[in-house]
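What follows is a short report on a single structure.
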Amino acid sequence: MAYLIFVTFLWAFSFPLIGYFISGQMDSFFAAFFRVFLAFLVFLPFLNFRVPNALKFKLMGVGALQIGIMYLFYYHSFLYLSVSEVALFTIFTPFYVSLVYDIFARRFRPLYLISISLCVFGAFIIKFGTINSHFIIGFLLIQMANLAFGTGQSLYKIIIERQGELAQQSIFGYFHLGATLITALAFFTLGDTQNLPKSASSWAVLFYLGIVASGLGYFLWNKGAVLVDSGILAIMNNALIPAAILANSILIALFFPEKSVHFSQSEIVRILIGTLIMFFSLWLHYKIIKHYER
């Protein structure tokens, strides 16, 4: 649990850093690739080459999904949504974590559709009156990122639990290698090689995100995921939302006061109602889980 709490605060500042220093400042495919490549280099010295090839490929596949494919959708979403919206709409991730576990447990709980629908309804209330093609595209991109991230967490937890005692730092390089390969393929086939970082601040943020937020962050998060049950893991995914919105407000106040957003009374009411509905759907979700697990 301590690992998950620490990474929650670590990642909270990633949202605004990407929004203000990465998005629009460089090719998003390059940003995703370079970030996970740096994370791979962090774990390269610890890599155990003697583990079974089957385990290597499983971890590479999970890494390719959880952060490789996730980053491709995630970085593009900043072109359509604000930092706070990106953070808020990650509230769906716990549902994907739980549903993946259900699939592996070979059970289907149709009442989940109620809580998920409520959550979607709350999200659209927040943007009621301002829904446009940009919002819809951004919203869908974030959901694809959430699905990849949530599924990857569950699969990593399942793999390590079935593997038994194993020093995770000695195999985590394969996780980042899978993410590096998928993002490298995306960058060199779809990216703009001329649109690389142009400022020292963008490079500095990119190195921080790669070495600290991705390298250290994903290792500690996935290590923590193995140590807790799936319910706690799902809940901790949403603890990141208020932390990220708060971090965004702090960075704006300190470094970008001209970007401060002033909401009208009706907008504030809409945001509050939509957010309450989304969190109510989460509460309802776990009431259903508890009911089915009795």
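Note that the numbering runs from 1 along the sequence shown for the chain.
- More than 12 heavy atoms of other residues, nucleotides or ligands lie within 6.0 Å of NZ in Lys56, so this atom counts as buried by the packing criterion.
- Cluster annotation: Ile69 is connected to Leu140 through the hydrophobic network of ILVMFWY side chains, with a link wherever side-chain heavy atoms come within less than 4.5 Å.
- Cluster membership for Leu44 and Ile171, using ILVMFWY side-chain heavy atoms within less than 4.5 angstrom, is shared.
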*Take His176 and Phe219 through the ring-ring contact (aromatic ring centres under 6.0 Å, His included) test and state the conclusion after the steps.*
CA-CA 10 Å; His176 284 302; Phe219 172 69; 9.0 Å; no

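- A distance of 12.0 Å separates CD1 of Ile211 from CZ of Arg35, quoted to the nearest 0.5 Å.
- Residues Leu141 and Tyr74 have side chains not in contact (no heavy-atom distance under 4.5 Å, counting atoms from C-beta outward).
- Here the shortest heavy-atom pairing between Ile22 and Ala31 reads CG2-CB, 3.6 Å.
- Here the straight-line distance linking atom OH of Tyr80 with atom CD1 of Ile136 works out to 12.5 Å at 0.5 Å rounding.
- Pairing each heavy atom of Phe29 with each of Gly191, the nearest pair is CD1-CA, 3.8 Å.
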*asked:* I'd like to know whether Leu216 forms a side chain to side chain contact (heavy atoms under 4.5 Å, CB included) with Val42, so could you lay out the CA-CA distance, the side-chain angles of the two residues, the decisive distance to 0.1 Å, and finally the verdict.
replied: CA-CA 8 Å; Leu216 178 64; Val42 170; over 6 Å; no

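- Contact detail for Met70 and Ala145: the closest heavy-atom pair is CG-O, 3.3 Å.
- Using a 4.5 Å heavy-atom threshold, the side chains of Leu155 and Leu65 count as touching.
- The minimum heavy-atom distance linking Leu47 with Gly173 is given by the pair CD1-CA, 3.6 Å.
- Paired with Phe172 under the rule side chain to side chain contact (heavy atoms under 4.5 Å, CB included), one option of Phe40, Tyr156, Phe46 passes, and it is Tyr156.
- For the residue pair Tyr71 and Ser28, no side-chain donor N or O sits within less than 3.5 Å of a side-chain acceptor on the partner.
- Side-chain N or O atoms of Ser214 include one that pairs as donor or acceptor with a backbone N or O of Leu209 at under 3.5 Å.
- In this structure, Asp27 and Leu196 have side chains that are not in contact, with every pair of non-hydrogen atoms separated by 4.5 Å or more.
- Counting only heavy atoms from C-beta outward, the side chains of Thr8 and Trp221 approach each other to under 4.5 Å.
- With no hydrogens or angles considered, a side-chain donor-acceptor pair links Ser199 and Ser202 at under 3.5 Å.
- With rounding to the nearest 0.5 angstrom, the CG atom of Leu72 is 9.5 Å from the CG atom of Leu185.
- The closest side-chain heavy-atom distance from Trp203 to Lys198 is not below 4.5 Å.
- Atom CG of residue Leu38 and atom OH of residue Tyr208 lie 13.5 Å apart, to the nearest 0.5 angstrom.
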*asked:* For Phe34 and Phe207: C-alpha separation, side-chain torsions, deciding distance, then whether side chain to side chain contact (heavy atoms under 4.5 Å, CB included) applies.
replied: CA-CA 8 Å; Phe34 195 69; Phe207 269 90; 3.8 Å; yes

_Test log, rule side chain to side chain contact (heavy atoms under 4.5 Å, CB included), inputs Phe30 and Thr183_ = CA-CA 8 Å; Phe30 172 77; Thr183 52; over 6 Å; no

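- A heavy-atom distance below 4.5 Å is found between the side chains of Tyr96 and Gln143.
- Among all heavy-atom pairs drawn from Ala64 and Gly178, the shortest one is CB-O, 3.5 Å.
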*asked:* Go through it in stages, so that I can follow the logic: the residues are Gln66 and Asn222, the test is side chain to side chain donor-acceptor pair (under 3.5 Å), and I'd like the CA-CA distance, side-chain angles, deciding distance and then a yes or no.
replied: CA-CA 10 Å; Gln66 184 178 339; Asn222 281 15; 3.1 Å; yes

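- Remark: Leu10 CG to Tyr218 OH distance equals 10.5 Å, nearest 0.5 Å.
- The two residues Val36 and Thr180 make their nearest non-hydrogen contact at O-OG1, 3.3 Å.
- A 4.5 Å side-chain heavy-atom check between Leu206 and Pro197 finds at least one atom pair inside the cut-off.
- Under a hydrophobic clustering in which Ile, Leu, Val, Met, Phe, Trp and Tyr are joined whenever their side-chain heavy atoms come within less than 4.5 Å, directly or via other members, Ile273 and Leu276 fall into different clusters.
- By the 4.5 Å heavy-atom criterion applied to side chains, Phe149 and Leu147 are not counted as neighbours.
- Both Tyr174 and Phe57 are assigned to one and the same hydrophobic cluster, defined by single-linkage of ILVMFWY side chains at heavy-atom distances under 4.5 Å.
- Hydrophobic cluster membership is shared by Leu190 and Phe187, with clusters built from Ile, Leu, Val, Met, Phe, Trp and Tyr side chains linked at under 4.5 angstrom.
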